[in-house]
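Notes to accompany the following structure.
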Amino acid sequence: MVGVVMFAIIIFIAVFGRLLWPVDPLRVDILGSLLPPSLEHPMGTDDVGRDVFARFIQGAQVSIGVAIGVTIAGTLIGGTLGLLAGLVGGWFDTIVSRTMDAILAFPPLILAMAVAIGLGPGIVSAALGVILAAIPWYFRLLRSEVLRLRTLMYVESAQALGASSFRLIRLHILPQTTSTIFIQASSVFSFSILTLAALGFVGLGIQPPTPEWGTMITEGLAYALTGQWWLGFFPGLGIFMLAVSANLIADRLRDIYDPKSGARLSL
Amino acid sequence: MINFLLARIGSAIITIFGASILAFVILRAVPTNPARLIAGPFANDEVIAQVTSQLGLDKPLFVQYFDYIVSFFAGDWGFSYSAGQPVLSQIVQRLPASAELALYAFLFAFIGAVFVTVLVSFLASKWLDRLLRLLSFISVGVPPFWLALLFLMVFFEQLGWFPGPVGRGPAPGSVHTGLFTIDYLIAGNFSGFATALHHLALPALALALGPFGYLVRLLRANLLDIVNEPFVTVLHAKGVAPVSTHFQHILPNAFLPTLTAGGLILAQLLGGSVLVERIFVWPGIGTLVIDGILRQDYAVVQAFIMLSAIIYIGVNLLVDILYGYVDPRVRRS
Amino acid sequence: MSAPIPLLDVRGLTKRFPVKAKPFSRQKKFVHAVEDVSFSVGRGEVVGLVGESGSGKTTIGRTIMRLTDPTAGQIVYDGTDIAHLPRRQMMAFRRKIQMVFQDPFASLNPRSKVGELIAEGMEIHGIGTPAERRAEVSRLLGLVGLSAEAAQRFPHEFSGGQRQRIGIARALAVSPGFIVADEPVSALDVSVQAQVLNLLQDLKEQLGLTILFIAHDLSVVEHFCDRVIVMYLGRIMEIAPRERLYAAPKHPYTEALLSAAPVPDPDREGKRIVLEGDIPSPINPPSGCVLRTRCRYALPECAQIVPPLREIAPGHLKACIRDDIL
Amino acid sequence: MRIRNTYRLPFAAALLSSLVAFAGPAFAQDSDLIVNSAVAPSTLDPAWACGLQEISFIQNFYVRLVQYGTAEGPDGTRVVDFATTEPYLAESWDISDDGLVYTFHLKDGYTFASGNPVDAEAVRYSFQRVLDMAGCGRFFLTDGHIDPVIIEAIEVIDPLTVAITLNKPNGNMLGDLATHAASIVDPSVVEANGGVVAGQPNEFMAANVTESGPFLLESYTANQSARMVANPEFAGDAPASEAINVNWITAAPTLLLQARTGQADITFGLAKQAVTTLADNSGTRAIAYTNPFVQQMMLPNTKAPWDNPVFREAVAHAVPYEDIVERVAYGYGTLYYGPIPPSLPGFNAELSQPIPFDLDRARELIAESGVATPVDVEVMIQEGDATQQQLATILQSTWADLGINLNIRVAPAAEFQDLSQSHAVQSLMRLDGPGVFEVGYYWGYDVICDNSNNLTEYCNPEVDELVDQLRASSDEAERQGIMDQVTEIWRAEYPKILFFEDQPVVVLSDAVTEFTFSPLPDYRYWAK
Amino acid sequence: MTTTSATPLLEVEGLKTSFKTSRGIVKSVDDVSFVIPAGTTLGVVGESGSGKSVTSLSIMRLVARGGGSIDDGVIRLNKPGQPAIDIRNLDEKSMRRVRGNDIAMIFQEPMTSLDPVWSIGDQIIEAVRLHQKVSRAEAREKAIEMLRLVGIPAPESRVDDFPHQLSGGMRQRVMIAIALSCRPALLIADEPTTALDVTIQAQILNLIRRLQKEIGMSVLFITHNLGVVAEIADRVAVMYAGQVVEEGPVRAIFSAPRHPYTVGLLKSIPTPGSSSNPMASRKLDTIGGAPPDPVALPHGCRFAPRCPLAIDECQKAPPPLFPVGENHGARCIRWPEVSK
């Protein structure tokens with residue numbers, strides 16, 4: 001419940017923030033730089049006098065947008081591979097499973113970093129890095145789900161009626177996995193938010209001046225000890241709220257659908 | 001057991017090779033020519049071409065890969081242009097700092113998580129359980145680098161309880177392990193030990209919180225599963241006191257899966273915490289890698305990626321073996 | 001007693017499951033689930049297949065359904081060997097052979113409505129228009145003693161016995177001639193078990209079904225089946241018409257099984273023959289006669305040869321080398 | 001067997017060197033002078049070093065033929081005076097009348113750490129090495145005359161006499177010989193560790209020094225720290241401190257923190273905003289100096305729209321210079337506009353008045369220029385450079401009103417270097433200044449035609465001719481005349497945007513008793 | 001065989017146990033009374049949900065873990081020569097001394113009833129040492145002895161085995177060894193053979209019978225299998241919807257049941273030997289309908305909605321347990337009309 005409310009607040013800020021706070025996040029006011037939070041600037045201003053709240057709003061859009069994209073892409077690619085591997089088996093399964101093992105050999109953040117470096121810094125390569133890191137988790141999940149569900153009696157009973165593999169997947173396997181996928185997706189969403197921020201933090205994220213929370217924290221780092229805490233604090237708070245609420249939602253879903261399994265993916 | 005070991009080692013080796021190909025391919029996609037970086041700004045094309053062939057960058061990719069792997073396992077991990085040093089010696093230099101930080105972070109996370117979770121589950125208080133759950137979510141959701149920043153702002157800047165971002169503090173006089181706390185203890189210098197610990201505390205805590213939350217969630221879920229197992233009812237029916245039931249039976253059962261997760265976490269931490277090290281100016285591998293990334297010193301980055309994968313797989317392997325040793329179901333089958 | 005023309009003729013059926021091989025070990029290990037099993041089921045006959053866990057009875061049912069492929073042997077249904085039939089050709093037989101599953105909770109997809117579940121077979125085989133199927137679903141629901149509006153509800157809204165009725169209706173939807181009933185009542189409470197058994201009996205009589213009835217409960221089999229096949233550790237021990245089997249078992253295993261079964265009669269006296277020891281692992285079954293390790297009549301020879309299943313009286317076969325017992 | 005041995009070697013070496021490195025900081029003592037700076041050297045090889053951080057570190061370990069003098073500085077400190085050249089290893093020197101042959105007479109008694117004498121042969125070897133390796137050092141040593149290389153021959157006359165022959169006269173030759181590139185390295189050690197391979201860096205020399213100068217490098221952890229101690233065998237003036245600890249700290253907060261708490265005696269490279277927070281800090285003083293490094297935006301004059309001089313003039317008027325000095329440089333910047341930075345000898349303030357910030361004028365000029373708006377331009381800045389990012393952001397916002405859409409491309413250091421060297425970007429920002437503090441050297445790459453290091457691609461044959469005259473001349477009055485002339489020509493063409501000349505700020509703890517500032521810090525004169 | 005002592009070993013009177021669920025309060029056990037004389041076996045039969053397992057857990061006071069509570073009733077344990085123990089009012093520590101020592105319990109699932117990471121020997125040793133002051137070595141000897149007693153071959157070597165190395169039947173033997181290690185006065189066996197194969201079931205039933213004689217304990221044997229009850233029990237309690245509907249000597253229950261539910265139950269199981277009777281119908285007698293919803297129990301007789309003999313009066317008030325014979329009671333107002 002708390003999760004949903006927190007999530008709703010952030011989404012609301014991302015979607016309607018610009019309407020309620022129509023300040024240009026790129027507008028520079030040099031002499032008004034580094035102002036502390038006030039009514040005029042609820043989250044203060046940054047080193048060139050941009051309104052941090054306006055940047056926070058746009059950062060929310062960027063973070064959420066990219067995280068959603070990453071989550072969907074990861075689900076589709078990893079899920080499809082997992083379904084196929086579980087169903088087809090044989091050499092296909094062996095090759096894909098081995099590849100996934102190799103990907104899993106990297107700590108997720110390191111993998112995402114490697115990809116972002118390889119493709120050159122930018123939001124697209126950062127997103128691709130996170131997708132690649134997320135794929136094996138979906139793959140494993142779906143593959144084991146398929147293997148598990150295939151032996152379920154009602155799947156067998158449909159098989160006994162003569163149902164084709166495609167029909168089995170479409171009607172009897174895939175619908176059963178939606179809750180698992182959804183739980184996984186909210187974990188991955190939270191993971192993407194954190195990882196994208198981390199990539200931004202090490203300079204592999206989105207290119208300025210587009211505000212991205214992780215990059216904002218890095219830029220704020222230099223001011224943390226000179227008293228201008230608001231530069232890094234608020235974007236961090238945004239990441240925190242989004243990641244925590246996505247996790248809370250995932251956990252709630254897990255309680256509802258799958259009370260036995262534990263956490264799956266962490267930074 | 002021997003078969004089990006051989007099989008695990010075999011598959012670990014295959015995975016490492018797979019991972020090395022992946023790492024190699026990814027990093028060779030980089031558009032910039034490292035030769036230009038090494039040659040410097042006033043170099044002409046001739047010099048750049050010389051350096052390129054010196055690095056073997058003009059060879060086909062698979063030859064480069066082969067060369068890299070051969071020299072990697074021979075101990076030549078490349079040359080860092082940004083430090084003017086072989087990568088291996090840089091990593092060896094910085095490994096103890098990262099290892100010490102990782103070790104303490106892991107201990108904080110693991111011991112903390114096990115202690116708190118088991119206590120809360122034993123007390124069976126709904127209220128405490130909710131609190132713990134909330135705490136675990138908060139800790140999993142906090143970006144570690146932001147947390148590090150908050151720690152500094154609160155515990156250093158405001159309260160002055162801990163040292164600021166100044167790295168590991170003074171080094172001990174004699175070096176045995178490279179882990180300051182241990183070295184101080186060996187030297188019998190307890191105030192030095194305290195200082196080293198003082199410096200370790202904030203970064204280790206910042207690093208520990210995420211894994212702590214993760215372990216709490218995992219252990220809590222496992223404990224809940226085990227508590228509902230029939231054998232627990234049997235134990236009660238035997239007249240076993242709740243304390244022994246909880247700590248001698250439920251905990252060992254729930255602990256085993258946590259061990260695996262703990263291994264993964266330790267492996268990730270050992271690979272250097274890229275994020276927290278940077279903020280606390282910890283002279284570890286994480287800092288090295290960030291510098292490597294920013295300066296596009298890819299010999300460093302590539303060696304680090306390989307190293308992370310190897311540590312990750314190696315620790316996993318160790319945990320599997322340990323698991324096999326601890327869990328009778330795996331041991332004897 | 002002359003056996004009717006068999007509708008199903010199983011010959012030399014063998015099924016081995018590879019055990020996940022240990023790396024670097026030379027020999028592959030198998031679970032010997034079913035070893036060289038032959039029997040037949042006549043048209044309109046109800047044949048019981050009894051045995052304890054690991055006897056292979058369920059594997060036989062699943063193999064006939066082609067839910068798993070046999071390692072060797074033939075399964076001749078109505079003149080066609082379906083044991084190795086390709087998918088496409090097998091489709092025709094899927095209509096003719098249907099299965100009722102043990103667990104009425106697990107064998108129905110919880111997310112599908114009962115109507116959809118029953119109609120699924122018809123849909124797969126392209127039987128009728130949607131409207132016709134709906135009508136057929138109502139008819140089938142009536143047939144198994146449920147009201148027509150049950151079609152609109154989900155499986156979890158029904159009790160165990162009702163779900164098993166739904167499972168039966170689902171199997172009947174494609175008008176099969178042959179039903180493999182895999183422990184259809186063992187998960188049910190006694191009173192419900194009786195209801196379902198009665199239903200199966202009615203349906204059998206009305207529709208002229210042929211049934212292979214897999215069970216571990218000897219009294220249910222005695223009540224319901226015409227002929228009984230007794231299995232142990234993947235092999236057939238004895239086949240006999242029920243009257244003969246229950247009155248005068250000829251195989252030591254059958255004898256022990258019947259003796260071990262508890263009877264709801266406190267006054268029953270008589271010595272109980274208890275088989276000592278555990279059922280051996282199907283990965284390493286004993287050589288020769290698989291029962292010999294637990295058999296009180298075992299001779300040294302029993303370890304030497306696998307006793308063939310031989311006819312000792314019309315329609316009565318046993319796999320035991322000793323004729324001097326029982 | 002052989003293969004194995006060679007494989008084992010790097011491992012052992014790495015382990016050993018790491019142990020040495022652990023042991024390194026262990027010997028740090030309270031009496032050590034602590035020097036913190038933000039950027040670490042990437043190589044210790046004088047032949048290969050390019051940047052300030054390498055130069056300033058390396059030069060402490062090597063003796064050179066000549067050195068710069070010093071002069072009075074602010075706040076009781078001193079500054080290095082690049083206008084004067086004093087003897088160092090060379091006792092005296094003769095310059096032939098045509099200005100082509102320099103003959104140096106060396107002092108006796110100087111030795112390397114290995115015990116070998118620092119003699120004429122070592123000088124010849126060191127210079128020849130720099131020329132052959134063709135790294136950055138060659139550029140410094142030849143005053144930028146590399147095509148053809150201005151040094152025609154280096155001859156050993158006798159063990160204490162060496163002669164250098166040029167193929168054309170050069171007014172700044174002595175200044176060049178005072179740079180790090182002219183460091184005298186130990187030929188025996190170099191030969192034992194890979195020798196000289198034309199066109200290739202030497203891995204040993206990148207991580208080691210062969211000391212001939214006032215300091216010995218006691219321990220060195222790349223990118224992290226080093227400890228240097230006074231060289232007891234050094235025949236020249238002993239350095240002011242016995243031992244110096246150098247830390248390279250990339251994290252801005254740490255650098256600030258250590259300066260603030262007095263953990264560091266001397267701190268370089270603090271952000272200007274951070275320096276302002278130290279104003280009331282007790283125990284430290286922040287002293288601003290000058291050096292000829294300028295925050296600038298290169299407008300490659302051959303690329304549209306910068307090929308339009310009126311458009312360049314327009315954008316030069318569209319920069320809020322004063323606000324930038326106030327809030328980006330926090331007052332530590334000098335405004336001017338001209339080809340000579342204010343702190344380089346020869347600067348004429350009269351002729352180099354700053355350009356006023358005048359958006360209306362800029363608008364008029366754009367209209368006049370004929371460049372159709374809106375126009376998209378891209379500026380490349382370097383990853384992690386906060387100042388450049390602030391400047392780019394400010395321009396982006398300011399220029400948006402003029403119809404100029406400024407796209408910011410953040411490039412990591414390597415890509416930045418790659419793209420700027422290959423002239424592949426539309427424009428870029430840079431903090432740039434000469435490595436040799438003389439106008440001729442600076443203009444030798446910054447304003448003359450067809451020079452790959454001339455990032456503005458400014459080209460004016462008339463200026464080129466004047467620069468040639470300047471570089472050959474040693475006459476002060478003549479030089480000033482030429483410089484003023486070029487300034488006037490250059491200014492009218494607005495080749496680039498000059499935000500401000502950067503004033504370096506050094507934070508000294510109160511314990512520091514002697515300090516001499518140089519843009520290329522020379523540790524010899526520091527003490528506490 | 002049965003010695004009717006003055007005070008039975010276990011007396012249960014008016015036991016009421018309920019569970020809070022999301023759908024409402026479930027009265028799993030509602031006014032259940034029975035006695036178990038020393039050395040005898042009471043068989044409790046009933047279908048799933050009838051409350052038989054909750055009854056046994058209530059006696060062990062283990063319902064709280066599942067969210068249940070004992071609301072009313074008396075559970076009294078009378079060990080010969082000792083003061084009676086009022087189980088409901090015992091403090092938790094004393095209760096623990098009763099569990100495993102005076103009353104032991106074995107369960108349905110032998111595969112999951114043992115701690116998988118403890119060796120079976122240690123699990124027996126734990127039980128022994130909890131209730132007896134013996135050294136570890138002595139306890140180990142005792143464990144081996146117990147394993148031998150329950151018929152585990154080579155107990156000296158198997159004592160260090162882990163549960164996963166044993167078959168289901170062997171595990172159930174280990175469970176019995178643990179339960180009997182302290183020679184309890186009462187053994188509660190909750191469906192101990194349901195998960196086992198029929199030949200193994202016979203072994204375990206024989207074992208329990210043998211040990212009961214040797215130790216002289218009483219047994220509360222819970223099962224849904226009427227055949228098993230007929231074989232093992234001296235007295236039988238038939239449960240339906242949380243109540244004992246009939247209780248009596250085993251012969252009386254099987255030969256002359258006085259409750260319609262008992263009758264229905266007996267009739268609905270296929271009669272062994274039916275094959276030799278050519279006249280036997282292929283149809284079984286059944287009880288119509290289904291057991292009531294546990295959160296919405298009928299006000300009167302709980303079996304009335306399914307009862308062929310039900311009359312209007314049956315709906316009005318819950319019937320008491322009528323004495324219908326010697327030590328034989330039935331909860332039916334029309335009991336005189338009931339016959340098999």
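Proteins get letters first, then strands, A, B, ... in listed order; numbering begins at 1 in each.
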Does any part of the side chain of R96(E), heavy atoms only, come nearer than 4.5 Å to the side chain of P242(B), both counted from C-beta? yes
Which residue out of G100(E), P163(E), S113(E) racks up the most heavy-atom pairs below 4.5 Å with chain B? S113(E)
Just so I understand: if I count every heavy-atom pair under 4.5 Å between each of L57(E), I106(E), T112(E), V98(E) and chain B, which residue has the most? T112(E)
Aromatic contact, F212(B) with F110(B) (centres under 6.0 Å): no
Less than 4.0 angstrom from a charged side-chain N to a carboxylate O is my criterion; do K52(E) and E191(E) meet it? yes
Does the distance from a Lys or Arg side-chain N to an Asp or Glu carboxylate O, for D129(B) and R220(B), drop under 4.0 Å? yes
Do D71(E) and S69(E) pair up side chain to side chain, a donor and an acceptor below 3.5 Å, judged on atom types alone? yes
Distance alone, cut at 3.5 Å: any donor-acceptor contact between the side chains of R158(E) and Q165(E)? no
Portion of [X] that has a non-hydrogen atom of chain B nearer than 4.5 angstrom:
X: L62(E); answer: side chain
X: M175(E); answer: side chain
X: I103(E); answer: backbone
X: Q108(E); answer: neither

Which atoms of I226(B) are under 4.5 Å from chain E, going by heavy atoms: the side chain, the backbone, both sets, or neither? neither
